Structures are given as structure tokens and as C-alpha cells.
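Below is one structure, written out as C-alpha cells; the observations come after it.
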Amino acid sequence: MKGTFPVKAFEHIRTPFYYYDVELLRSTLEAINREARRHEAFCVHYAVKANANHRVLEIIRQAGLGADCVSGGEIEASLRAGFPANKIVFAGVGKSDWEIQLGLDNNIFCFNVESMAELQVINQLAAERGKVARVAFRLNPNVGAHTHANITTGLAENKFGIAMRDMLPVIEQARQMANIRVVGLHFHIGSQILDMGDFQALCNRINDLQDLLEQHRIRLEHINVGGGLGVDYQHPNRVPLPDFKAYFDTYARRLKLRPGQTLHFEPGRAVVAQMGSLITRTLYIKEGAVKKFCIVDAGFTDLIRPALYQAYHKIENLSSDLPVQAYDVVGPICESTDVFAKQIDLNTTQRGDLLAIRTAGAYGEIMASQYNCRQLPKAYISDDLHSPCLR
């Protein structure tokens with residue numbers, strides 16, 4: 001079964017481009033709010049790194065989510081889209097001075113701190129401004145996730161977070177700093193996680209850490225468990241929404257929040273992945289010695305995930321209902337890794353046919369580059385096909 005696309009409108013738009021189905025985005029946001037609001041203490045922040053398209057950010061902000069940012073640029077994009085500063089969280093292992101100053105000047109909700117060195121800089125910059133910075137410490141829980149090695153973040157070998165053994169001394173030092181207020185703990189174990197057992201393991205680790213903190217008379221206001229919920233890349237039409245109910249219910253059942261604590265989530269991919277497709281046009285069909293190539297005008301400069309992560313994206317021919325044939329779908333970039341898929345079945349494809357590379361709303365447009373001096377892809381939303389989305 002193919003997805004539903006306004007193919008006639010696509011014919012008049014220069015390819016490649018991103019198409020965002022904002023009705024699906026709104027349905028996704030409704031599902032998130034419906035399931036999260038069943039639990040009084042749950043707060044949801046959208047991870048801006050997944051897709052920072054201005055129109056997309058505005059819709060997410062209108063749904064009431066906060067913003068999880070990992071750069072000063074993302075903070076600025078969130079503020080431009082109307083996110084309240086008091087719902088912006090700033091994470092990231094390498095925050096520069098100007099980025100920290102930006103967060104302080106706008107009184108953001110909190111900084112997720114990843115090292116003692118970073119904490120000292122935040123304290124110094126806050127003192128210079130006569131402010132008190134709210135911080136949560138990102139701990140590395142040494143919890144593995146069943147996902148690609150390049151997007152696992154919660155193991156001891158990863159660069160992210162503070163080691164668990166350093167939790168108590170770091171918190172104690174922070175409490176002695178005049179311009180720091182410790183408000184919580186932050187965790188994130190990886191991305192594209194579909195096994196709820198991974199989140200259960202994180203809950204167990206947090207429960208143990210909270211017990212240890214209470215033994216030292218430390219109780220915090222907020223626990224932030226990051227994001228990580230995956231989507232179904234194989235079946236975007238059949239499974240357009242992630243299982244938000246199972247996700248939030250896992251934390252509601254397994255995590256032992258203390259009275260008055262709030263629990264913060266930072267989904268990114270799960271919010272925007274399925275609503276986006278990369279639309280590309282077939283340039284040539286090349287008959288190789290052992291296979292048939294479908295050469296398209298999109299490349300890894302437009303969608304890098306297949307080249308970077310060997311990621312699967314379902315591909316559909318929007319122009320053909322002819323019998324299927326096997327193709328390697330490849331781009332024009334002068335690199336051997338510029339391949340979207342190998343030996344996949346497509347309806348018989350000809351020059352000029354439009355293809356949709358599905359589930360590309362997350363880590364697609366935002367990771368595009370101008371390698372080979374290529375233009376960045378434009379983006380169009382279903383509400384307004386004939387106007388490029390603001391960036």
C-alpha cells in the first residue's frame with residue numbers, strides 16, 4: 001500500500017524537496033498529549049535537533065510542548081517559533097560561552113550539565129550576570145539500548161554525561177556554588193529504541209540512584225529521561241504513529257517518582273519522522289552487468305541516514321502502478337556510499353517518475369549539506385504546498 005500524496009502538485013515543484021504532512025504531525029501531537037496527560041507529573045519537550053523547520057516548530061509549539069535544544073542556534077530557532085523560554089531545556093556535551101550566555105539571558109528552564117568543568121563555567125558566567133542558573137546533571141547510567149551503535153548514548157564508553165560514581169560529589173559541589181541551583185537529573189540512553197525493556201532498565205537504574213540520593217538527604221524537583229522512542233521505518237503507512245501509550249505507561253509503572261517530582265521527556269524522531277518524505281525525481285534507469293540502477297536527483301546531501309547509519313527508508317514510486325522490478329536506488333553524489341537502497345522492489349520506473357523516500361521527517365532536512373556545491377533541499381507543508389517553508 002502506498003501513501004497518499006498530492007502528486008499533481010509535486011509535478012510543478014523542483015526536486016528534490018521535503019514534503020511534510022502536517023495533518024499527520026498534528027495527529028501525532030494529539031496522541032502524545034493524550035497519553036502524557038494521563039499522568040499528572042509528565043512534561044514533554046520536543047528535541048529540536050530532529051527537525052528545526054520553522055513551520056514545523058510553530059505547530060509543535062502550538063500543541064504545548066516545550067523545546068529540548070543542543071545548541072545556541074536551536075535555542076534561537078525555538079524562541080523565534082514562540083516557545084516560552086521557561087519551557088526550553090539546553091543539553092549538549094560542548095556548550096560554548098555565548099550559548100550559555102544566551103540561555104542565561106533568556107532565563108531558560110534549565111541547563112543539562114555534563115561535566116564539572118561545564119558546571120564551573122556556567123557558575124562563572126551566571127555570576128557575571130548576577131543570575132542563578134538552574135541545572136540538571138546528565139548522568140551516564142551505563143544502560144545499553146537495542147539500537148545502532150552510532151546512536152547509543154548511555155554506555156560508560158560514550159562521551160555523554162557524568163559517571164554515576166561522580167554523582168554525589170558533583171551535586172555536593174554544585175550546592176556550594178552561589179550561582180547554581182540544582183533542580184534535577186537528566187538521562188538519555190539512545191535513539192530509535194523499540195524495546196520497552198530498555199526504558200524499564202533505565203527506570204530501575206534511576207530508582208536505585210534516587211534511593212542513594214535520599215540516603216544523603218538529597219531530593220530533586222525534576223527527573224528527565226530524554227527521548228529515544230523509535231518509529232516503524234518498514235511500515236510507515238500501516239504504523240504511522242509510535243506506541244506512545246506503551247512508552248509513557250512504562251515510565252508510569254516502573255519509575256518511582258517522589259512526591260512533587262515532575263518527569264520530563266524529550267522525544268524528537270517519534271514526533272516528526274513519519275510526517276516527512278523526501279520527494280525525488282528519476283533521472284535515469286541504468287542497466288548494469290548484474291543489477292538495475294534507478295538514478296535519482298536526491299543524494300546523501302539531502303538525506304544522509306542511509307549512508308551514515310545504513311538506515312532503511314521505504315521507497316515508493318508515486319508515478320507508476322506497473323509491475324515491480326528490483327532496483328538499486330542511488331543518487332548523483334560522487335561517492336560510492338550515495339545509495340538509498342539496494343535491490344528493492346519498485347513499480348517499474350522510468351525517467352521522470354517521482355519517488356517518495358518515506359519516514360524522513362527526522363534527521364533529514366536538518367542534516368542536509370552542500371557537498372558537491374549542491375543546493376539545500378526546500379521543504380513544503382501539506383497546508384501550503386506552493387510556499388517554501390521558512391527555515
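Small disclaimer: the values here were computed from a predicted structure and weren't measured.
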Determine whether Arg253 and Thr250 satisfy the following criterion, side chain to side chain contact (heavy atoms under 4.5 Å, CB included), listing intermediate values before the conclusion.
CA-CA 5 Å; Arg253 290 194 307 266; Thr250 295; 4.1 Å; yes
Separation between [atom1] of [X] and [atom2] of [Y], rounded to the nearest 0.5 Å:
| X | Y | atom1 | atom2 | result |
| --- | --- | --- | --- | --- |
| Ile189 | Arg205 | CD1 | CZ | 10.5 Å |
| Leu202 | Ile223 | CG | CD1 | 10.0 Å |
| Ile171 | Gln176 | CD1 | CD | 12.5 Å |
| Glu30 | Leu25 | CD | CG | 10.0 Å |
| Leu355 | Ser320 | CG | OG | 10.0 Å |

Candidate pair Tyr19 and Phe10, rule ring-ring contact (aromatic ring centres under 6.0 Å, His included), full reasoning
CA-CA 9 Å; Tyr19 171 72; Phe10 289 173; 5.1 Å; yes
Is there a donor in the side chain of [X] and an acceptor in the side chain of [Y], or the other way round, less than 3.5 Å apart?
| X | Y | answer |
| --- | --- | --- |
| Asn237 | Lys314 | no |
| Glu74 | Ser71 | no |
| His54 | Arg80 | no |
| His222 | Thr262 | yes |
| Glu128 | Gln101 | no |
| Asp345 | Gln325 | no |
| Asp297 | Thr15 | yes |
| Tyr20 | Asn51 | yes |
| His39 | Asp249 | yes |

Mind checking whether [X] and [Y] have side chains closer than 4.5 Å, heavy atoms only?
| X | Y | value |
| --- | --- | --- |
| Leu241 | Gln274 | no |
| Tyr251 | Cys203 | yes |
| Glu365 | Asn53 | yes |
| Ile60 | Leu29 | yes |

(request) Identify the residue among Asn347, Thr349, Thr348, Thr282 that makes a side chain to side chain donor-acceptor pair (under 3.5 Å) with Asn317. (result)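 That would be Thr349; it is the only one of Asn347, Thr349, Thr348, Thr282 passing the side chain to side chain donor-acceptor pair (under 3.5 Å) with Asn317.
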Salt-bridge test for [X] and [Y]: reply yes if a basic N is under 4.0 Å from a carboxylate O, no otherwise.
| X | Y | result |
| --- | --- | --- |
| Arg55 | Asp383 | no |
| Lys245 | Glu35 | no |
| Glu114 | Arg138 | yes |
| Asp232 | Arg358 | no |
| Glu11 | Arg281 | yes |

Cluster check [X], [Y]: I/L/V/M/F/W/Y, side chain < 4.5 angstrom:
| X | Y | value |
| --- | --- | --- |
| Ile357 | Phe293 | no |
| Phe187 | Met116 | yes |
| Val239 | Val271 | no |

More than 12 heavy atoms of other residues, nucleotides or ligands under 6.0 Å from [atom1] of [X]: is that the case?
| X | atom1 | value |
| --- | --- | --- |
| Lys342 | NZ | no |
| Gln62 | CD | yes |
| Gln343 | CD | yes |
| Arg26 | CZ | yes |
| Lys256 | NZ | no |

Report the relative orientation of the aromatic rings in His313 and Tyr233; use parallel for angles under 30°, tilted for 30 to 60°, perpendicular for over 60°.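 Plane angle over 60°, so perpendicular.
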- Query: Would you call the rings of Phe265 and Phe248 parallel, tilted or perpendicular if under 30° counts as parallel and over 60° as perpendicular?
  - Reply: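 Because their plane-to-plane angle is over 60°, the rings of Phe265 and Phe248 count as perpendicular.
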Exercise for the section: Report the C-alpha separation of Asp328 and Lys286 in whole Å, then their side-chain angles, then the decisive distance to 0.1 Å, and conclude whether the salt bridge (Lys or Arg N to Asp or Glu O under 4.0 Å) test is met. Expected result: CA-CA 10 Å; Asp328 279 18; Lys286 177 181 175 180; over 6 Å; no
Report the C-alpha distance between Ile285 and Arg351 in whole Å, list the side-chain angles of each, state the deciding distance to 0.1 Å, and finish with yes or no for side chain to side chain contact (heavy atoms under 4.5 Å, CB included). CA-CA 7 Å; Ile285 300 300; Arg351 172 175 166 80; over 6 Å; no
Looking only at heavy atoms, which two atoms of [X] and [Y] are closest? And how far apart?
| X | Y | answer |
| --- | --- | --- |
| Val89 | Glu266 | CG1-OE2, 3.9 Å |
| Phe137 | Ala174 | CZ-CB, 3.6 Å |
| Ala298 | Phe340 | O-CE1, 3.3 Å |

Exercise. Between Leu194 and Val231, is a side chain to side chain contact (heavy atoms under 4.5 Å, CB included) present by the stated rule, with each step listed?
Worked result: CA-CA 7 Å; Leu194 298 172; Val231 299; over 6 Å; no
task = Could you tell me if the ring centre of Tyr380 sits under 6.0 Å from that of Phe17?
result =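 That pair passes the under 6.0 Å test.
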*Can His264 and Phe109 be said to form a ring-ring contact (aromatic ring centres under 6.0 Å, His included), step by step?*
CA-CA 12 Å; His264 295 253; Phe109 176 69; 5.3 Å; yes
- Between Arg134 and Phe111, is a side chain to side chain contact (heavy atoms under 4.5 Å, CB included) present by the stated rule, with each step listed? CA-CA 6 Å; Arg134 295 162 53 90; Phe111 297 85; over 6 Å; no
Does Lys95 count as lying over the ring of Phe90, i.e. NZ or CZ under 6.0 Å from the six-ring centre, within 45 degrees of the axis?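 Yes, cation above the ring, under 6.0 Å and within 45°.
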Measure from the side-chain N and O atoms of [X] to the backbone N and O of [Y], and report whether any donor-acceptor pair falls under 3.5 Å.
| X | Y | value |
| --- | --- | --- |
| Asp338 | Ile333 | yes |
| Glu316 | Gly3 | yes |
| Asn224 | Gly226 | yes |

task = Check each of Val135, Val182, Leu119 against Met177 using the side chain to side chain contact (heavy atoms under 4.5 Å, CB included) test, and report the only one that passes.
result =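 Of all the options given, the one that passes is Leu119.
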Evaluate salt bridge (Lys or Arg N to Asp or Glu O under 4.0 Å) for Arg258 paired with Asp211, printing each intermediate quantity in order.
CA-CA 10 Å; Arg258 275 43 180 179; Asp211 289 343; 2.6 Å; yes
